[in-house]
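So the structure is just underneath, and the comments pick up after that.
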Amino acid sequence: MLTPVDVHCPYCGEPLELLVDAGEDGQRYIEDCQVCCRPINVTVAVEGDGTIGVDVRSENEG
């Protein structure tokens, strides 16, 4: 199940909506910003209660 999550690009600061898979914990992937096209490192964590945590970092932050 894909769930929309609102984040801000770590480069340009623009708000973005990512669709993340809430059924899989510990995801790590790279997605390009829809505004500035720079690569964003995305980490998704799903808590036991179903809460989704998304961390976005620039390429240099790892």
Side-chain angles (χ1 to χ4, degrees):
M1 177 166 113
L2 296 178
T3 303
V5 177
D6 294 323
V7 298
H8 286 86
C9 174
Y11 298 102
C12 67
E14 288 293 318
L16 306 170
E17 181 179 83
L18 302 179
L19 294 176
V20 298
D21 184 354
E24 186 176 338
D25 186 29
Q27 299 172 68
R28 296 185 72 163
Y29 61 94
I30 296 174
E31 184 164 326
D32 290 342
C33 174
Q34 300 153 359
V35 178
C36 71
C37 300
R38 295 184 71 184
I40 302 169
N41 290 314
V42 179
T43 304
V44 180
V46 181
E47 304 296 327
D49 65 356
T51 303
I52 301 170
V54 176
D55 182 51
V56 292
R57 294 178 184 261
S58 69
E59 190 173 36
N60 296 331
E61 291 180 299

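- Here the shortest heavy-atom pairing between H8 and G13 reads CD2-O, 3.2 Å.
- Judged as a side-chain hydrogen bond (donor to acceptor under 3.5 Å, both in side chains), and not counting sequence neighbours, the contacts of D49 are T51.
- Nearest heavy atoms, E17 versus Q34: O-NE2, 3.6 Å.
- Applying the side-chain contact (heavy atoms from CB on, under 4.5 Å) criterion to E14, with sequence neighbours excluded, gives C12, V35.
- A side chain to side chain contact (heavy atoms under 4.5 Å, CB included) with I30 is found for one member of I40, V42, N41 and no other, namely N41.
- For Q27, the side-chain contact (heavy atoms from CB on, under 4.5 Å) partners two or more places apart in sequence, or in a different chain, are D21, E24, Y29, V44.
- The shortest non-hydrogen separation linking C9 to C36 is SG-SG, 3.9 Å.
- Of the candidates V5, T43, L16, L18, V56 forms a side chain to side chain contact (heavy atoms under 4.5 Å, CB included) with just one, namely L18.
- Residue N60 holds its CG atom at 6.0 Å from OH of Y11, rounded to the nearest 0.5 Å.
- Interatomic distance, D25 CG to I52 CD1, rounded to the nearest 0.5 Å: 10.5 Å.
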